[in-house]
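Just follow the structure's listing: the first ligand is 1, and inside any ligand the first atom is 1. Only heavy atoms go into these numbers, but all of them, side chains included; no hydrogens, no water, no symmetry mates.
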Amino acid sequence: MSFKNEPLTDFSIAANRAAFQEALARLRSSLGRKIPLLIGSQQILPHQWMPRRNPSHPNELVGLIARAESIHTDQVLAQAESAFPAWRRVPLPERAAILQRAARRLRERRFELAAWEVMEVGKNWVEADADVAEAIDYLHYYADQMLQLQDQAPLAQVPGERNLYRREPLGPGVVISPWNFPLAILTGMTAAALITGNCVILKPAEQSSIVAFHLAQILRESGVPPGALQFLSGMGKEIGEALVRSEKIRWIAFTGSREVGLKILHTASELAPTQGFVKRVIAEMGGKNAILIDQDADLDEAVLGVAASAFGYSGQKCSACSRVIALRPILERFLDRLIQTTQSLPIGNGEDPSTVIGPLVDEAAKEKVLRFIEIGKSEGRLAFQGTLPAGLQGFFVPPAIFTDVKPENKIAREEIFGPVLAVMAADSFEEALEIANNVPYALTGGLYSRSPRHIEQAAEEFRVGNLYINRKITGAVVGRQPFGGLRLSGIGYKAGGPDYLLQFLQARTITENTTRHGF
Ligand code: NAD
């Protein structure tokens with residue numbers, strides 16, 4: 001396999017810092033523009049617009065996003081349907097070349113796209129850069145994977161019989177993405193659908209539609225025909241739901257919250273009167289991820305790993321750590337050091353290169369996290385709450401660490417999606433594992449331990465989609481740590497892994513009797 005991960009930008013190099021500053025400055029001069037819909041080969045300016053504000057400076061209008069209506073969903077569906085027969089027949093090497101071209105364009109525009117992420121969803125430099133790198137990885141990885149899949153000859157052959165196994169695309173479908181990895185997740189789902197020959201309607205999250213629009217444009221400039229890739233921004237509850245319901249939609253690739261994922265699964269299972277197929281749904285959902293701190297853990301490493309996992313991007317990652325389960329004898333020592341480390345994490349605007357903890361994505365997210373902090377105060381003991389530097393205007397919530405939390409408490413069971421950490425004590429390693437597993441989510445998990453027996457036991461019994469041992473639990477890398485959850489965290493094959501593409505395909509077996517019977 002020729003695939004190699006895209007390197008991350010080294011911001012200790014002055015030229016890289018200067019280039020990123022320049023990208024931010026350039027972008028500031030183009031804020032506030034209208035972001036249209038892309039339907040067939042037309043750019044459509046609808047009647048309604050959704051203002052997108054910079055989460056670090058809510059007074060700053062980043063762009064006006066088109067709010068699609070039902071007439072637009074009808075149009076994209078018609079276009080996708082008519083584009084499918086031609087797009088599915090484009091030879092695979094050509095489709096792969098298109099994705100590779102798109103990857104090159106993303107690389108050329110890397111700082112500009114990362115700067116959009118800083119402005120639109122409040123990422124810091126490093127996180128924004130990593131998201132663009134991951135998007136580039138997906139384009140290359142899935143192109144490579146599909147070429148390999150095509151070369152496989154999976155069937156047994158016997159004399160007198162010819163068996164063919166044909167993997168085929170499903171048809172038009174919709175990609176519904178979250179805002180927290182605005183480019184990577186969207187690119188991953190879209191690239192997988194396109195390389196397998198499906199037509200894609202992109203329905204991005206309301207909060208990250210500008211970044212998504214740039215991806216759609218790049219894919220089209222790289223050669224994806226207009227009907228095979230369309231861009232429809234708007235409200236999830238309106239056009240998202242209408243697309244999921246449509247009998248022209250053959251599949252839905254969704255990443256987002258459990259609530260919406262389950263709703264999509266339900267809606268997609270209802271058969272429209274003339275619908276002659278069952279929709280396929282890929283749903284990657286939330287998490288309530290735990291890190292276990294064993295009695296003999298290297299606390300230097302554990303403290304850094306937990307702080308990075310819990311508070312990176314202000315805890316707004318599906319993989320983020322929101323529970324720590326520490327063995328009682330080391331809990332206080334661990335907690336003291338974690339508090340000191342957390343205290344030292346710089347809080348600031350996304351544009352500030354020193355920022356580690358940036359804003360939450362919008363006012364609603366801030367209100368939700370503040371509500372959970374109040375719940376936490378009634379359930380456990382607030383061991384630490386950071387203070388915001390003066391002058392910040394955005395949707396900031398300083399990190400909070402609760403201790404004396406019980407496994408049945410709300411803050412130990414519900415996904416908060418903010419910088420809030422619940423610390424719990426366990427009297428034995430077995431009890432720690434039991435607490436860790438005893439939530440309905442099973443996305444990521446971690447263990448800090450020096451005990452080979454406990455490492456082995458966790459590998460066996462800590463049943464999450466991605467388990468990390470003696471390292472942080474965020475930052476899965478395409479092709480190295482295929483990503484995705486179990487139980488209520490998801491139902492798909494892992495993103496960035498060898499099975500992912502199969503979900504966008506259906507197979508036909510064709511058997512021919514090749515012994516001649518007189519013709
Ligand atoms: P969300 O569920 O609110 O929205 C996700 C998408 O669904 C958006 O595009 C939204 O417009 C759309 N949507 C909303 N209602 C809809 C409906 N009724 N029908 C169709 N579409 C609808 O999630 P979010 O706030 O964007 O993202 C955060 C969530 O995503 C967290 O729960 C996080 O854990 C999860 N997430 C999971 C993964 C993973 O790989 N498992 C990765 C990233 C984020």
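By the side-chain hydrogen bond (donor to acceptor under 3.5 Å, both in side chains) test, Lys317 is found to be paired with Glu127, residues two or more places apart in sequence or in another chain being considered.
A cation-pi arrangement is not found for Arg487 relative to Tyr441, the charged atom failing to lie both closer than 6.0 Å to the ring centre and inside a 45° cone about the ring normal. Judged by the 6.0 Å distance and 45° axis criteria, Lys203 is not positioned over the aromatic ring of Phe254. Judged by a 6.0 Å distance limit and a 45° cone about the ring axis, Lys279 is not positioned over the six-membered ring of Trp251. For the pair Lys410 and Phe372, the NZ or CZ position fails the cation-pi test of under 6.0 Å to the six-membered ring centre and within 45 degrees of the ring normal.
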| request: Decide side-chain contact (heavy atoms from CB on, under 4.5 Å) for Leu61 and Leu31; before the verdict, give the C-alpha distance in whole Å, the side-chain angles of both, and the deciding distance to 0.1 Å. | output: CA-CA 7 Å; Leu61 183 68; Leu31 295 184; over 6 Å; no
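Sorted by chain and number, the residues within 4.0 Å of ligand 1 by heavy atom are Ile176, Ser177, Pro178, Trp179, Asn180, Ile185, Lys203, Pro204, Ala205, Glu206, Gly236, Lys237, Gly240, Glu241, Phe254, Thr255, Gly256, Ser257, Val260, Ile264, Glu284, Met285, Gly286, Cys318, Glu415, Phe417, Leu443, Phe483.
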